[in-house]
Amino acid sequence: MSRLLLINGSPRGADSRSLRLAELFVEEYRRRAGHRVEVDRIDTFTDLVPFGQRHVDAKMALIEGRDIPSAARRDWDDVLGLAGRLTAADLWVFAVPMWNGTIPWPLKLFIDTVTQPGVAFRFDPQQGYRGLLEGRRAVAVYTSRVYAPGLPPAFGADHQSSYLSWWLRYCGVDDIHELRVRTARFDEQAARHAVEQLAERLR
């Protein structure tokens, strides 16, 4: 058995092409895997709470080697619970629409919530950061309305895949697979074929 976590960064539900393609990948991957795949889903627009003062107080206490304040303990347990859903999965699948050249803010909230010392990384004063989540795979379904690789700067810039790929490697994940779709020229059949090919490669 393996575990797959689908992280949805779109609020559009059935109208979201990034989510529809991510769900299609999950369906195809499960069909082709040859073993049981347990699927967990996180909707970043509905399942998260703001990372606020008590969360930061707990994080800074850990970084400084202090006990977590009692007032922040329940909040920190919630952070660890969300991070535990990430660390329990072998394969992460992200549905990522482009907003203003980058990722939607709730997806950034998810990243900021789960990227904690001792969970996603450790820091050494001499060697710097080291990711702790090696051995996992990630699939990112990127959609954009106007931007596409190779277009001139007037059509936008990619801080979407560059940021998410940086974060994945920061956490120690190097096995990263991307599917890019420009929705202004959306071809359902071509997109479905690309998803099926990716699912076959990763099974």
Side-chain angles (χ1 to χ4, degrees), residues 3-12 16 18-19 22 40-125 127-144 157-178:
R3 293 184 177 180
L4 182 155
L5 177 63
L6 172 58
I7 302 108
N8 174 33
S10 172
R12 301 190 66 211
S16 167
S18 61
L19 179 57
D40 186 14
R41 290 174 171 82
I42 294 174
D43 187 324
T44 61
F45 277 85
T46 61
D47 298 344
L48 306 182
V49 298
F51 193 82
Q53 180 179 346
R54 289 194 297 270
H55 301 96
V56 175
D57 288 346
K59 178 174 185 172
M60 294 310 297
L62 284 176
I63 290 173
E64 295 166 2
R66 298 183 285 108
D67 291 335
I68 293 175
S70 58
R73 171 52 67 184
R74 180 175 296 179
D75 300 271
W76 193 248
D77 287 344
D78 291 341
V79 167
L80 295 181
L82 183 66
R85 294 169 69 181
L86 184 74
T87 60
D90 312 291
L91 175 60
W92 307 338
V93 179
F94 295 86
V96 192
M98 179 180 280
W99 283 17
N100 301 310
T102 187
I103 65 175
W105 63 266
L107 181 53
K108 180 62 163 61
L109 172 60
F110 171 80
I111 289 170
D112 290 340
T113 302
V114 301
T115 310
Q116 301 302 335
V119 177
F121 71 91
R122 72 164 50 100
F123 179 75
D124 179 89
Q127 312 224 340
Y129 291 99
R130 178 190 165 191
L132 299 178
L133 300 177
E134 304 99 327
R136 292 165 178 84
R137 299 186 293 175
V139 169
V141 178
Y142 295 116
T143 56
S144 54
D158 178 19
H159 305 292
Q160 177 195 37
S161 67
S162 60
Y163 175 73
L164 188 61
S165 293
W166 169 84
W167 173 72
L168 289 166
R169 291 187 171 92
Y170 175 81
C171 294
V173 179
D174 293 316
D175 193 352
I176 303 168
H177 304 266
E178 298 181 355

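These values consider heavy atoms only, across backbone and side chains, with no hydrogens, waters or symmetry-generated copies.
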Pair Asp174-Arg169, side-chain contact (heavy atoms from CB on, under 4.5 Å): steps then yes or no: CA-CA 6 Å; Asp174 293 316; Arg169 291 187 171 92; 3.7 Å; yes
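- How far OG of Ser144 is from CH2 of Trp99: 14.5 Å, rounded to the nearest 0.5 Å.
- At a threshold of 4.5 Å between non-hydrogen side-chain atoms, the residues Phe110 and Leu86 count as touching.
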Test log, rule side-chain contact (heavy atoms from CB on, under 4.5 Å), inputs Leu6 and Leu19: CA-CA 9 Å; Leu6 172 58; Leu19 179 57; 4.3 Å; yes
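- Side chain of Thr102 to main chain of His159: a donor-acceptor pair is present (N/O by atom type, distance under 3.5 Å, no hydrogens or angles).
- In this structure, Trp105 and Phe45 have perpendicular ring planes: the angle between them is above 60°, well past the 30° mark.
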Verdict with reasoning, Lys59 to Trp76, per side-chain contact (heavy atoms from CB on, under 4.5 Å): CA-CA 8 Å; Lys59 178 174 185 172; Trp76 193 248; 3.9 Å; yes
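- For the side-chain contact (heavy atoms from CB on, under 4.5 Å) test with Met60, the passing option among Val56, Asp57, Leu62 is Val56; the others fail.
- Across Ser10 and Asp43, no two heavy atoms sit closer than the pair O-OD1, 4.4 Å.
- Exactly one residue among Thr87, Leu168, Val114 makes a side-chain contact (heavy atoms from CB on, under 4.5 Å) with Leu133. That residue is Thr87.
- Closest heavy-atom contact between Leu4 and Ala89: C-CB, 4.3 Å.
- Taking both residues in full, the closest heavy atoms of Ile68 and Ala58 are given as CG2-CB, 3.7 Å, listed atom of the first, atom of the second, then distance.
- Contact of the Arg130 side chain with the Asp124 side chain is not registered, since no non-hydrogen atoms from C-beta on lie closer than 4.5 Å.
- Across all non-hydrogen atoms, the minimal contact from Ser165 to Tyr142 is OG-OH, 4.1 Å.
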Salt bridge (charged side-chain N to carboxylate O under 4.0 Å, His left out) between Asp112 and Lys108, intermediate numbers included: CA-CA 6 Å; Asp112 290 340; Lys108 180 62 163 61; 2.8 Å; yes
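- By the neighbour-count criterion of 12 heavy atoms within 6.0 Å, atom CZ of Arg85 is densely surrounded, having more than that number from other residues, nucleotides or ligands.
- Here the closest heavy-atom approach between residue Ala95 and residue Asn8 is recorded as CB-OD1, 3.8 Å.
- With a 4.5 Å cut-off on side-chain heavy atoms, Ser16 and Pro97 do not count as touching.
- Between Asp47 and Leu82, every side-chain heavy-atom pair lies at or beyond the 4.5 Å cut-off.
- Note on ring orientation: taking the six-membered ring where Trp is involved, the planes of Tyr129 and Tyr170 are tilted (angle from 30° to 60°).
- Between Ile103 and Gln160, the closest heavy-atom pair is CG2-O, 3.8 Å.
- Looking only at side-chain heavy atoms (C-beta outward), Phe51 and Val79 come within less than 4.5 Å of each other.
- In this structure, Arg122 places its CZ atom where only 12 or fewer heavy-atom neighbours from other residues, nucleotides or ligands lie under 6.0 Å away.
- Crowding of Glu134 atom CD: a count of heavy atoms from other residues, nucleotides or ligands under 6.0 Å exceeding 12.
- Atoms CH2 and CD1, from Trp92 and Ile176 in turn, are 9.5 Å apart once rounded to the nearest 0.5 Å.
- Put simply, CZ on Arg41 and CD1 on Ile7 are 11.5 Å apart, with the number rounded to the nearest 0.5 Å.
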Stepwise side-chain contact (heavy atoms from CB on, under 4.5 Å) check, Leu107 with Phe94: CA-CA 9 Å; Leu107 181 53; Phe94 295 86; 4.2 Å; yes
